[in-house]
Amino acid sequence: MKIGIIGSGNIGLAFAGQAAKAGYEVLLSNSRGPESLTEAVSSLKGNVKAVTVNEAALADVVFLSVPWKYMESVTTAITTWEGRIVIDPSNPIIMPGFTTAELGGKPSSEVVSGWVKGAKVVKAFNTYTPQLLAADPNEGGGHRVIFYSGNDAAAKETVAEIIKTMGFAGIDLGTLQGGGMLQQFPGGPLPGQNLVKY
């Protein structure tokens with residue numbers, strides 16, 4: 001399976017490292033182009049390749065590691081999202097200033113779904129710091145928990161398998177409306193919790 005990553009910030013690189021270690025083919029991209037990713041690619045072990053944003057968006061699964069203030073412009077610039085599974089690890093925080101985006105009462109991943117029309121969105125990997133996400137998922141004899149939520153059962157199964165293959169323990173929270181609110185930061189009770197499943 002190919003996993004495309006749009007965005008090479010700390011969360012994107014932490015996820016890329018875990019995906020590469022798990023044996024996935026990783027297509028890493030950012031707004032500055034593949035040539036800007038030479039150092040990042042060389043630091044990651046496994047099958048990681050620097051590509052354009054459009055190339056990353058063609059992967060079987062696409063991980064959107066994009067700051068919220070750029071999310072709409074980046075996602076709507078992609079010609080088509082049809083048939084893709086999109087993992088949304090974003091939180092609706094606008095930097096600088098650390099202000100919360102106005103979402104009209106919707107969970108952020110439902111808003112993202114409106115921008116990636118035709119894709120099946122699964123919210124996951126948004127509750128940890130980059131350092132914790134990059135760390136060994138095996139802790140104290142158990143597996144660190146990754147929460148996920150989405151409206152498409154098959155897409156959630158695919159993401160659950162990625163989570164398991166990486167060595168994490170996945171917990172399904174239900175739909176983007178219900179589960180997405182639980183794992184969203186700010187507001188949800190789950191971000192920042194370092195939970196281990198035994």
Participant: Going from OH on Tyr148 to CD1 on Ile171, what distance comes out if it is rounded to the nearest 0.5 angstrom?
Facilitator: 9.0 Å
Participant: What's the spacing between Leu176 CG and Gln183 CD if we round to 0.5 Å?
Facilitator: 8.5 Å
Participant: Which value, rounded to the nearest 0.5 Å, describes the distance between Asn54 atom CG and Thr80 atom OG1?
Facilitator: 11.5 Å
Participant: Are Val112 and Leu182 linked, directly or through intermediate hydrophobic residues, by side-chain heavy-atom contacts shorter than 4.5 Å (ILVMFWY only)?
Facilitator: no
Participant: Are Val74 and Phe63 connected, step by step, through hydrophobic side chains (Ile, Leu, Val, Met, Phe, Trp, Tyr) whose heavy atoms are closer than 4.5 Å?
Facilitator: no
Participant: Is there a path of hydrophobic side-chain contacts, each under 4.5 Å between heavy atoms of I/L/V/M/F/W/Y residues, joining Val53 to Met71?
Facilitator: yes
Participant: So, do Tyr24 and Asn47 sit near enough that their side-chain heavy atoms are less than 4.5 Å apart?
Facilitator: no
Participant: Taking the side chain as every heavy atom from C-beta outward, state whether Arg84 and Ile78 have any pair of such atoms under 4.5 Å apart.
Facilitator: no
Participant: I'd like to know if the side chain of Lys49 reaches the main chain of Val41, judged simply by a donor and an acceptor atom lying under 3.5 Å from each other, with no hydrogens or angles considered.
Facilitator: no
Participant: State whether the side chain of Lys156 and the backbone N or O of Thr175 hold a donor-acceptor pair below 3.5 Å, judged by distance alone.
Facilitator: no
Participant: Parallel, tilted or perpendicular, judged at 30° and 60°: which one describes the rings of Trp115 and Trp68?
Facilitator: tilted
Participant: Do you know which two heavy atoms are closest between Ala56 and Ile5, and how far apart they sit?
Facilitator: CB-O, 3.9 Å
Participant: Is the closest side-chain heavy-atom distance between Pro130 and Ile11 below 4.5 Å?
Facilitator: yes
Participant: Are the side chain of Arg144 and the backbone of Asp136 linked by a donor-acceptor contact shorter than 3.5 Å?
Facilitator: yes
Participant: Looking at every heavy atom in both Leu27 and Ala59, which two are closest together, and how far apart are they?
Facilitator: CD1-CB, 4.3 Å
Participant: I need the minimum non-hydrogen distance between Ser108 and Lys123, along with the two atoms involved.
Facilitator: OG-NZ, 3.4 Å
Participant: Quick one: are Phe15 and Leu28 in side-chain contact, heavy atoms under 4.5 Å?
Facilitator: no
Participant: Please check this pair: side chain of Thr127 against backbone of Gly192, looking for a donor-acceptor N/O pair closer than 3.5 Å.
Facilitator: no
Participant: When rounded to the nearest 0.5 angstrom, what is the spacing between CD1 in Ile87 and CD1 in Ile6?
Facilitator: 12.0 Å
Participant: Quick one: closest heavy-atom pair of Met95 and Lys69, and the distance?
Facilitator: O-NZ, 3.0 Å
Participant: Closer than 3.5 angstrom, by distance alone: can the side chain of Asp60 be matched with the main-chain N or O of Met1 as a donor-acceptor pair?
Facilitator: no
Participant: Quick one: are Ile146 and Phe125 in side-chain contact, heavy atoms under 4.5 Å?
Facilitator: yes
Participant: To the nearest 0.5 Å, what is the distance between OG (Ser65) and CG (Asp88)?
Facilitator: 10.0 Å
Participant: Given 3.5 Å as the limit, does a donor-acceptor pair link the side chain of Asn30 with the main chain of Leu37, or not?
Facilitator: no
Participant: Tell me, please, which residues at least two apart from Ser73 pass side chain to side chain contact (heavy atoms under 4.5 Å, CB included).
Facilitator: Tyr70
Participant: Could you tell me whether the side chain of Asn91 and the main chain of Asn126 form a donor-acceptor pair under 3.5 Å?
Facilitator: yes
Participant: Where do Ala20 and Gly46 come nearest, in terms of heavy atoms and distance?
Facilitator: CB-CA, 4.2 Å
Participant: Are side-chain heavy atoms of His143 and Val196 found at a separation under 4.5 Å?
Facilitator: no
Participant: For the residue pair Asn138 and Gly167, what are the closest heavy atoms and their distance?
Facilitator: OD1-O, 3.9 Å
Participant: Would you find a donor on one side and an acceptor on the other, under 3.5 Å apart, between the side chain of Tyr128 and the backbone of Val145?
Facilitator: yes
Participant: Please tell me if the side chains of Leu44 and Val26 come closer than 4.5 Å, counting only heavy atoms from C-beta onward.
Facilitator: no
Participant: Looking at Lys21, I'd like to know if its NZ atom is crowded, meaning that more than 12 non-hydrogen atoms belonging to other residues, nucleotides or ligands lie closer than 6.0 Å.
Facilitator: yes
Participant: Assigning hydrophobic clusters by single linkage (Ile, Leu, Val, Met, Phe, Trp, Tyr; side-chain heavy-atom cutoff under 4.5 Å), is Val122 placed with Val111?
Facilitator: no
Participant: Between Gln193 (side chain) and Leu190 (backbone), is there a donor-acceptor pair under 3.5 Å?
Facilitator: no
Participant: Would you check if the side chain of Gln184 reaches a backbone N or O of Pro191 as a donor-acceptor pair within less than 3.5 Å?
Facilitator: no
Participant: Should Val121 and Ile162 be regarded as members of a common hydrophobic cluster, given that ILVMFWY residues are connected when their side-chain heavy atoms come within less than 4.5 Å of each other, either directly or indirectly?
Facilitator: no
Participant: Tell me, do Ile163 and Phe147 make a side-chain contact under 4.5 Å, heavy atoms counted?
Facilitator: no
Participant: Output the distance between atom CH2 (Trp81) and atom NZ (Lys120), rounded to the nearest 0.5 Å.
Facilitator: 15.0 Å
Participant: When you look at CD of Glu35, are more than 12 heavy atoms from neighbouring residues, nucleotides or ligands closer to it than 6.0 Å?
Facilitator: yes
